[in-house]
*Asks:* 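What follows is a single structure, and I will ask about it in a moment.
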Amino acid sequence: MAAPIIDNAPLPDVVLAPGSFADVEVIAHDPDAASGQGTVIVTDSGGNSTPVQVALRVDDPLTFGDAVLSPELEGRVSVVRIATEANRAVYRFTAS
Amino acid sequence: MVLLPVSDHQGNTTHATVSVTLGEMIPGPVSRPGVDQTAELQAWWNSGSALWFPPGAVYTCEGQLNLIDRHGVWIEGNGAEIHAPSLLGDLDPSGKVRMRRQLYLESSSEIMVRNLAITSVGTGGWDPLYEAEAAVFVKASRNVTFENPRIVGPGGDGFEVSSLMQSGCVGDDCGPTVGLRVLGGSVTNPKRMGFSITGSARDVLVDGTKFWSIGRSCFDLELVNAALNIENVTIQNTTVDRFNLNWFGGGGGGTHDGVNLIGNVTPRFKMKWGSPGAVARRNFLMQDNVATDPRDNAYFSFLRGTGLTFRGNQADASWDGGPSFAECLDILEEANSWPS
């Protein structure tokens, strides 16, 4: 199975002054997700059948994890996720 | 480097990567109460691009601090204050107007000023002698952000945006100011306008700022000649307690295309957009604003505008003469709580 793909890579570089913050948005999708159409047969009490087309989607929801800082940034930068949607998250980087 | 993991429900993981650089800030000088430190602060500002005020410092500055042809400057105010103890700026050549701006930006870009107070001693109403003495003057600059400013008592405007060689004159146009943002903070007791645009400007946002005791108009978009243009100006989520002329003024010359007033609170909708000398007034949106003073709630006068939308505004008390839409085209009024 394929891993998620970051749609807005490369992400912008972040330059932080002490006390400042910057927000970084990550947009991704999962290539295993798929959608298409199927047909459902609907039959009434008189035995009359009608094919009805319905949309089908194979969902593969994404999970945005906690940031992993390189050692030189630990204790000097904090990162929190301030927004999460189905395929999008926003991380706030703050310099201490 | 920072890794941001993104996983699907089967456990497959990709890492987005972000490069993070920590800037080194240059700390400001020690404040010396009562001593004019204009030159000292200016030298510090000229020394680098990441400037860090000592928290709570108060500097006396009788002169003007300049950011001219500066690019990529971060000023972290930390609540520090630049205070002008008088309105005694230099006179212009006419001898009629004093010209000191406390913070003057010209031909600069990518400027951030955060948490800085700029104060002076102006009180009461408009006085033409001091009307050019804005606390902050932004001319022909790009991507300038003021976050949480605290402006008190300038002789002129809290913020004045221009493209001209000299505010108020019909001088050379230096090009528009583009991408100015004022976020949060407050403007108190300016003797003239709270926020004004007198020269060409585009993509301007005032968001969440409080305006107290405004000597003349709170928001004044008054271009001083026919060749100037205002495009895409949004004033939203502001609160105004008192003004002496207009809540919003859009007289003067030139062209306005795209003025948006959204979600603001004001004592009354006293407004003017258009004038006999204007070239064009297009696309005005007034949405979800609230007028709170039940005694004198609205008067507005629109002249020769096109594309006016008024939606969801509340002014459900008395009216004082308005509205007036002289020679206007394409007006939409819906869901307003005001007499039609």
*Asks:* Check whether B:A16 gets within reach of chain A through its side chain, its backbone, both or neither, counting any heavy atom under 4.5 Å.
*Replies:*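 Both parts, backbone and side chain.
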
*Asks:* Would you mind checking which part of A:V24 comes under 4.5 Å of any heavy atom in chain B, side chain (CB onward), backbone (N, CA, C, O), both or neither?
*Replies:*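 Answer is side chain: those atoms of A:V24 sit under 4.5 Å from chain B.
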
*Asks:* Quick check on the interface: out of A:L69, A:V79, A:D30, who has the most heavy-atom pairs with chain B under 4.5 Å?
*Replies:*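 The option with the most such pairs is A:D30.
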
*Asks:* Between chain B and each of A:V15, A:N8, A:I5, count heavy-atom pairs under 4.5 Å; write down the option with the most.
*Replies:*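 The answer is A:V15.
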
*Asks:* For the candidates A:D32, A:V77, A:L73, which exhibits the highest count of non-hydrogen atom pairs separated by less than 4.5 Å from chain B?
*Replies:*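 Of the candidates given, the most pairs with chain B belong to A:L73.
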
*Asks:* Taking atom CG as the centre, does A:D23 end up with more than 12 heavy-atom neighbours from other residues, nucleotides or ligands that are less than 6.0 angstrom away?
*Replies:*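 Enclosed: over 12 neighbouring heavy atoms sit under 6.0 Å from CG of A:D23.
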
*Asks:* For A:A9, which atoms come within 4.5 Å of any heavy atom of chain B: side chain, backbone, both, or neither?
*Replies:*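 Answer is neither: A:A9 stays 4.5 Å or more from chain B.
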
*Asks:* With no hydrogens and no angle check, do the side chains of B:D257 and B:N283 hold a donor and an acceptor under 3.5 Å apart?
*Replies:*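 On atom types as modelled, these side chains qualify, holding a pair under 3.5 Å.
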
*Asks:* What part of A:D13 is in contact with chain B, defined as an atom under 4.5 angstrom from a non-hydrogen atom: side chain, backbone, both or neither?
*Replies:*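 Backbone plus side chain of A:D13, per the 4.5 Å heavy-atom cut-off to chain B.
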
*Asks:* Tell me, which pairs form a ring pair (Phe, Tyr, Trp, His ring centres under 6.0 Å) where one or both residues lie in residues 30-49 of chain B, sequence neighbours left out?
*Replies:*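 Found B:W44-B:F53.
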
*Asks:* Let me know if A:D66 has heavy atoms under 4.5 Å from chain B in its side chain, its backbone, both or neither.
*Replies:*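 Backbone of A:D66 only, per the 4.5 Å heavy-atom cut-off to chain B.
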
*Asks:* Using 0.5 Å steps for rounding, measure from the CD atom of B:Q236 to the CG atom of B:N260.
*Replies:*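 Going from the CD atom of B:Q236 to the CG atom of B:N260 covers 8.5 Å.
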
*Asks:* Distance alone, cut at 3.5 Å: any donor-acceptor contact between the side chains of B:N264 and B:T238?
*Replies:*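 Side chains of B:N264 and B:T238: pair found under 3.5 Å.
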
*Asks:* Give a yes or no on whether A:R81 atom CZ has more than 12 heavy-atom contacts from other residues, nucleotides or ligands under 6.0 Å away.
*Replies:*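 Check passes, neighbour count above 12.
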
*Asks:* Can you find a heavy atom in the side chain of B:L116 that is under 4.5 Å from one in the side chain of B:P149?
*Replies:*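 No. Closest side-chain heavy atoms not under 4.5 Å.
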
*Asks:* Just by distance, with hydrogens left out, do B:Q64 and B:R100 show a side-chain donor and acceptor under 3.5 Å apart?
*Replies:*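 There is no such pair (donor and acceptor under 3.5 Å, judged by atom type) between the side chains of B:Q64 and B:R100.
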
*Asks:* Does any backbone or side-chain atom of B:T13 lie under 4.5 Å from a heavy atom of chain A? Answer side chain, backbone, both or neither.
*Replies:*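 Contact with chain A is through the backbone of B:T13 alone.
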
*Asks:* By a 4.5 Å heavy-atom criterion (distance strictly below it), what part of A:Y91 contacts chain B: side chain, backbone, both, or neither?
*Replies:*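 Just the side chain, heavy atoms under 4.5 Å.
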
*Asks:* Taking every heavy-atom pair that is under 4.5 Å apart, which of B:V20, B:D8, B:T17, B:N115 has the most such pairs with chain A?
*Replies:*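 When all of B:V20, B:D8, B:T17, B:N115 are compared, B:D8 has the most.
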
*Asks:* Counting only non-hydrogen atoms closer than 4.5 Å, does A:P71 touch chain B with its backbone (N, CA, C, O), its side chain (CB onward), both, or neither?
*Replies:*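 Contact with chain B: none, neither part.
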
*Asks:* Can you tell me if CZ on A:R88 sees more than 12 non-hydrogen neighbours from other groups inside 6.0 Å?
*Replies:*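 Yes, enclosed.
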
*Asks:* Identify which part of A:A2 has an atom lying under 4.5 Å from any heavy atom of chain B, answering side chain, backbone, both or neither.
*Replies:*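 Just its backbone gets close to chain B.
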
*Asks:* For each of A:A22, A:S70, A:P10, A:P12, tally heavy-atom pairs with chain B at distances under 4.5 Å, and name the one with the top tally.
*Replies:*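 Option with the greatest count: A:S70.
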
*Asks:* May I ask you to check whether B:T145 and B:E147 show a side-chain donor-acceptor distance below 3.5 Å?
*Replies:*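 Their side chains do not contain a donor-acceptor pair, so the 3.5 Å distance test is not met.
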
*Asks:* In terms of heavy-atom proximity below 4.5 Å to chain B, should A:L62 be classed as side chain, backbone, both, or neither?
*Replies:*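 When you check distances to chain B, atoms from both the backbone and side chain of A:L62 fall under 4.5 Å.
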
